[in-house]
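Below: the structure, in structure tokens.
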Amino acid sequence: MEAIIRPGKDSAALLVAQIIAKELRANPSLVLGLATGHTMEEVYGLLVKMHKEQGLDFSLCRTFNLDEYVGLSPDDPRSYRYYMNRHLFGLVNIDRRNTNLPDGLAGDLDEECHKYEEKITRSGGIDLQILGIGKAGHIGFNEPLSALRSRTRVKALSPITIEQNAAQFGSADNVPRRAITMGVGTILECRHCILLATGDSKANVVAKAVEGPITSMISATALQLHPRCTVVVDEDAAGKFQASEYYRWIFENEPEWEEFR
Ligand code: GLP
């Protein structure tokens, strides 16, 4: 795992967008794993800008989102499909047929989860997975006690997550109680993971994810098992790290990061 500390939330989002753009230019048929949440809005804004100003090409790119609420239709402004259309898919030259999210309205949800896993496998697996982190330490909607080898499935949302997402639904009472999410095991199989966290409200949980013991109570800790995981944070989200100086030293000295410094 590598932890990269950028001075502010804008430079953290820029680094993530630059990594995505670099991988997409190197492989136009990239299979990209996507995440939702406020943190990612800036990353998508930058990708849209790179598409418009530098011709960043999404025409062959295929995408798989981490999760979707159960019971929301794609036209519902609170659904993750709607979020993706609004922040990325509707603003770049991606072929919508190449964009995938779990169907939260599927009649048979278990079958839908199974089909989602099969589709990821048929696409050759996810090359680059973008991740945010919830306040409960979840990646996707892998709530506390999610098995570290779990696959795409229906998960009940925890009270912390319901509270965290209440604003988009008017009140906590309106937040769907369940979501379909890629499992921790599904996420660990992608070739490269990038987790982006900004703001001091994420400092505690990010420190646990990077430096704490691996536990199913905080599914992001499972990323310590991943052979190629990059955690990008701003100074605020880095506030509780024990070894920030070491992370800064790595970023300054690793040849891999030279073009991004
Ligand atoms: C939701 C999503 C997560 C995301 C999290 C953080 O719970 N399912 O994938 O990481 O929100 O959201 P934000 O970036 O708004 O803090």
Side-chain angles (χ1 to χ4, degrees), residues 6 8-10 12-13 16-17 32-47 63-72 76-84 86-88 100-102 104 113 116 126 128-144 146 150 152-169 172 174-184 186-188 190 193-210 218-223 229-234 236-239:
R6 304 309 289 143
K9 86 182 214 324
D10 296 349
V16 172
L32 189 55
L34 297 172
T36 50
H38 289 307
T39 316
M40 293 304 153
E41 287 174 18
E42 196 166 344
V43 175
Y44 297 141
L46 289 162
L47 291 175
T63 66
F64 287 91
N65 265 75
L66 285 168
D67 44 18
E68 179 61 284
Y69 290 111
V70 168
L72 297 193
D76 188 315
R78 301 161 307 181
S79 73
Y80 285 164
R81 164 59 82 176
Y82 191 97
Y83 170 108
M84 289 311 305
R86 174 163 168 234
H87 292 288
L88 186 67
N100 300 282
L101 281 91
C113 296
Y116 203 65
I126 294 171
L128 175 63
Q129 176 68 56
I130 309 306
L131 299 163
I133 186 167
K135 288 199 183 114
H138 66 209
I139 45 177
F141 271 130
N142 289 289
E143 300 291 59
S146 286
S150 51
T152 302
R153 69 217 183 288
V154 177
K155 246 346 245 177
L157 302 188
S158 69
I160 301 179
T161 299
I162 291 173
E163 207 44 60
Q164 196 189 335
N165 294 348
Q168 291 107 278
F169 291 86
N174 298 331
V175 179
R177 271 16 193 186
R178 295 184 304 159
I180 296 179
T181 181
M182 276 187 208
V184 182
T186 319
I187 294 168
L188 290 181
C190 68
C193 274
I194 306 181
L195 185 145
L196 172 64
T198 56
D200 52 14
S201 68
K202 299 283 173 73
N204 263 322
V205 81
V206 168
K208 285 183 185 159
V210 174
I218 300 174
S219 59
T221 61
L223 295 170
C229 177
T230 310
V231 174
V232 179
V233 293
D234 64 356
D236 288 342

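What you see is a predicted model; the values in this text were computed from it and never measured. Just so you know, ligand 1 is whichever comes first in the structure, and atom 1 is the first atom listed for that ligand. All residue numbers in this chain count up from 1 along the given sequence.
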Review point. Side chains of Ser146 and Arg153: is there a donor and an acceptor less than 3.5 Å apart?
Key: yes
Exercise for review: Please tell me if the side chains of Ile194 and Val232 come closer than 4.5 Å, counting only heavy atoms from C-beta onward.
Suggested key: yes
Practice item. Of all the heavy-atom pairs spanning Ala136 and Val205, show the shortest one and how long it is. Key: C-CG2, 4.2 Å
Pairs under 3.5 Å, nitrogen or oxygen of ligand 1 with protein nitrogen or oxygen:
{"unit_1": "ligand 1", "atom_1": "7 (O)", "unit_2": "His138", "atom_2": "NE2", "d": "3.0"}
{"unit_1": "ligand 1", "atom_1": "8 (N)", "unit_2": "Asp67", "atom_2": "OD2", "d": "2.8"}
{"unit_1": "ligand 1", "atom_1": "8 (N)", "unit_2": "Gly140", "atom_2": "O", "d": "3.4"}
{"unit_1": "ligand 1", "atom_1": "10 (O)", "unit_2": "Ile133", "atom_2": "N", "d": "3.2"}
{"unit_1": "ligand 1", "atom_1": "14 (O)", "unit_2": "His38", "atom_2": "N", "d": "3.3"}
{"unit_1": "ligand 1", "atom_1": "14 (O)", "unit_2": "Thr39", "atom_2": "N", "d": "3.0"}
{"unit_1": "ligand 1", "atom_1": "14 (O)", "unit_2": "Thr39", "atom_2": "OG1", "d": "2.4"}
{"unit_1": "ligand 1", "atom_1": "15 (O)", "unit_2": "His38", "atom_2": "N", "d": "2.8"}
{"unit_1": "ligand 1", "atom_1": "16 (O)", "unit_2": "Lys202", "atom_2": "NZ", "d": "2.6"}

Review point. How would you list, by chain and number, every residue that makes a side chain to side chain contact (heavy atoms under 4.5 Å, CB included) with Asp236, sequence neighbours excluded?
Key: Asp200, Asp234
Point to revise | Charged N-O contact under 4.0 Å between Glu68 and Arg81 | key: no
Review point. Quick one: are Tyr44 and Leu34 in side-chain contact, heavy atoms under 4.5 Å?
Key: yes
